[in-house]
Student: 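Below you will find the structure I want to go over with you.
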Number of protein chains: 2
Amino acid sequence: MAPKKIDGERRGRGRPPSFDRAQALCAAMRLFWDRGYEGTSFDDLTAAMGISPSSFYNAFGSKEQLYQEATDAYLKATGAWFLDILHGKADTRTIFQRLMTAAATEFTRADLPAGCMISVSGTQCAPGQARLRDLMARQRALSEAAMADRLRQGVADGDLPADTDVDGLAAFFSSLARGMAVQARDGASREKLLEIGRIGMQAWPAGR
Amino acid sequence: MAPKKIDGERRGRGRPPSFDRAQALCAAMRLFWDRGYEGTSFDDLTAAMGISPSSFYNAFGSKEQLYQEATDAYLKATGAWFLDILHGKADTRTIFQRLMTAAATEFTRADLPAGCMISVSGTQCAPGQARLRDLMARQRALSEAAMADRLRQGVADGDLPADTDVDGLAAFFSSLARGMAVQARDGASREKLLEIGRIGMQAWPAGR
DNA sequence: GGATTTATGGAGCGATGGCACCAAAAAAAA
DNA sequence: TTTTTTTTGGTGCCATCGCTCCATAAATCC
C-alpha cells in the first residue's frame, strides 16, 4: 500500500507511518471500552486499527501499553466533560446536578460505546492483570477525590453545611455514577439514567 | 486416589464421584466471582476444584455451563440475603434501609470475594460471550424488578406517595448497590459502604 | 462372579492469543 | 547516489485455553 501523507508537520527521517496514530488509538479505545481488556484480542485490535502486527508492536509496544494509552485518551477526550463540569463556575449543588445529567447523557450516546470505560473496567480479572486492575481502580479513586475536593470547596463557600461528610458524599455520587454506567451497559435509556440522577440529587444535604 | 464415601444417600449404579460436587461448585463460584468468566481459566478451575479435566467435563459439561451453575449457586446461597430482606416483614423504608446496610456488610465479608458477582459481571466482554453477558444483565434486571415490586407494594400499603416513580426508585437503589459493589472490589471499607447507603436513603421520597 | 454403569487420570489436540523477526520499502541526510 | 533511519507486510512461534478421548477403576444389578 502506498504510504499516505498524513499532514504537513515537520517530519523526521525514516519512512512515514501509513496510518493516523491518533485515529488508530481511538479505534482501540472504543474496542477496549466495549469489550474490556481481556475481551479484546490482538487480532481484533489490529483489524479495527487497520494495521499489521509489526506496525502495532512498533507504534504501541504491547497490548498492555496500548490499553494504558487508550485509557489516557479516554480521559482526555471522551471523559473530559467530567472535569469540565466539575471545575465550572456554579454553586456546588448545580455542579453535581450537571454531573448527574451529563453522566446520563454521555453514557447513552449513540456514537460511542455505552457507559463509562473507567467505571466498569478491571473490576474482575485474572491475577496476571493486577496492574491494569490497579490502574483502573486508581482512576476511579482520582475521580472520586476530585468530587470530594469540589465538595470541600462547597463547604468553604457556604454551599454546604460545615459538618458535611464530603468524602461520604463524594463516594455516594461516585457509586451512583458507576451504577449508572452498569445500567447503561445493560441498555438502559437516557431517560432512565436521567431519572436515577434526579433521584440521587434528592440525597443532597439540607441547608441550601 | 481412593474414592471417598461422600454420604449415606441412596446411590445409583456406577462408580461414585471422588469429590463433593457442591463443594467444587462453590470453589468455582468464588473464582468466577473474583476473576470473572474470561479471567478464570480452565486450569484455574480444575486446580481450585481439585478435579481432573475429565471429571470436570463429566460433572459440569463445559466452562460456560459451570458458570451458569455458579451463578445459580451464588443467587441461592450467597445472595439469598437480598430476597430474604426484600420479602421480610417491615415497612418499605425499613426494608430498603436494611438492604443498603446488608449490601455494605455482605460486599465486605472477609470470608468471600469482595462485592457482588451479579453487579459487576459481564459488563464488558468479547462478542462470543454475548450469552453470558445477557445472562448477567437479565439477573440484574430481575433484582431491580423485585425491588420495584416491593416498592409498588409500599405504595399500596401507603408507605409511599401514590405518585411515586417506583421504577425510577428501584433503578436508583439498584444503581447505588452496583456502584457499592464496584467500590467494594476496589477495596472500600465496610464503613465507607455503610455511609454510602446511609446517604442514599436520604433520597427516600417524603411523605412518611 | 460377570455384566453394566459411572467416574477417574492422564495424555493430547486444534484453535487462538500475543507477540517476534526479518527482509523490503520509503523517507531524510550526506 | 549512497547511507541512514524508520515503518511495513508477512510469516512463524511458543504458550495457553478449553476441551476430548481412552483405557482403567469402582460401584451396583443380575
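The model shown is predicted, which means the values in this text are computed figures rather than measured ones. Within every chain, numbering begins at 1; the chains are lettered A, B, ... in the order of the sequence lines, protein sequences first and strands thereafter.
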Student: Using whole Å, report how far CE of A/Met49 lies from C1' of D/dT8.
Tutor: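 One finds 15 Å between C1' of D/dT8 and CE of A/Met49, rounded.
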
Student: Indicate whether any N or O donor in one side chain lies under 3.5 Å from an N or O acceptor in the other, for B/Ser55 and B/Asn58.
Tutor: no

Student: Quick check: does any side chain N or O of B/Arg185 sit under 3.5 Å from a backbone N or O of B/Gly115, one acting as donor and the other as acceptor?
Tutor: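 Not at all, since once roles are kept as given, no pair shorter than 3.5 Å links the two residues.
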
Student: Just how far, in rounded Å, is C1' of D/dG18 from CZ of B/Phe56?
Tutor: 9 Å

Student: Flag the pair B/Arg21 and B/Glu69 as a salt bridge only when some basic side-chain nitrogen lies within less than 4.0 angstrom of an acidic carboxylate oxygen.
Tutor: yes

Student: Whole angstroms only, please: what is the CZ-C1' distance between B/Phe32 and D/dG18?
Tutor: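 For the pair B/Phe32 CZ and D/dG18 C1', the rounded distance is 12 Å.
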
Student: Just distance, no hydrogens or angles: give the donor-acceptor pairs under 3.5 Å from side chains in residues 71-85 of chain B, sequence neighbours left out.
Tutor:
from    : atom 1 : to       : atom 2 : distance (Å)
B/Thr71 : OG1    : B/Tyr67  : O      : 2.9
B/Tyr74 : OH     : B/Met117 : N      : 3.3
B/Trp81 : NE1    : B/Thr78  : O      : 3.4

Student: Would the distance check show the side chain of B/Arg140 and the main-chain N or O of B/Ile118 forming a donor-acceptor pair, the cut-off being under 3.5 Å?
Tutor: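 Between the backbone of B/Ile118 and the side chain of B/Arg140 there is a qualifying donor-acceptor contact (under 3.5 Å).
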
Student: Collect all protein-nucleotide pairs involving nucleotides 10-17 of chain C in which both atoms are nitrogen or oxygen and the distance is under 3.5 Å.
Tutor:
from   : atom 1 : to      : atom 2 : distance (Å)
C/dG10 : O6     : B/Ser54 : OG     : 3.2

Student: Are the side chain of B/Gln129 and the backbone N or O of B/Gly122 linked by a donor-acceptor pair below 3.5 Å?
Tutor: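 The answer is no, because no donor-acceptor pair under 3.5 Å joins these two groups.
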
Student: Taking atom P of C/dC19 as reference, at what distance in whole Å does atom OH of A/Tyr67 sit?
Tutor: 15 Å

Student: Taking atom C1' of D/dA25 as reference, at what distance in whole Å does atom CZ of B/Phe19 sit?
Tutor: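 That distance rounds to 16 Å.
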
Student: By nearest heavy atom, map B/Asn58 and A/Glu64 onto DNA chain C; which one lands nearer the 5' end?
Tutor: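 First, find each residue's nearest nucleotide; the 5'-ward one identifies B/Asn58.
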
Student: Is any side-chain N of the basic residue among B/Arg198 and B/Glu195 closer than 4.0 Å to the acidic one's carboxylate O?
Tutor: yes

Student: Mind calculating the distance between CZ (B/Arg15) and C1' (D/dA23) to the nearest angstrom?
Tutor: 12 Å

Student: Is the distance from OP1 or OP2 of C/dA20 to the nearest side-chain N or O of A/Tyr57 less than 4.0 Å?
Tutor: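 The answer is yes; a side-chain N or O of A/Tyr57 sits under 4.0 Å from OP1 or OP2.
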
Student: Whole angstroms only, please: what is the CZ-P distance between B/Phe60 and D/dT20?
Tutor: 17 Å

Student: Looking at C/dA27, does its base get a donor-acceptor pair with the side chain of A/Arg13 below 3.5 Å?
Tutor: no

Student: Rounded to the nearest angstrom, tell me the gap between atom CG in A/Leu31 and atom P in C/dG18.
Tutor: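 For the pair A/Leu31 CG and C/dG18 P, the rounded distance is 12 Å.
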
Student: My understanding is that a pair needs two contacts under 3.5 Å, Watson-Crick or G-U wobble. By that rule, which nucleotide pairs with C/dC13?
Tutor: D/dG18

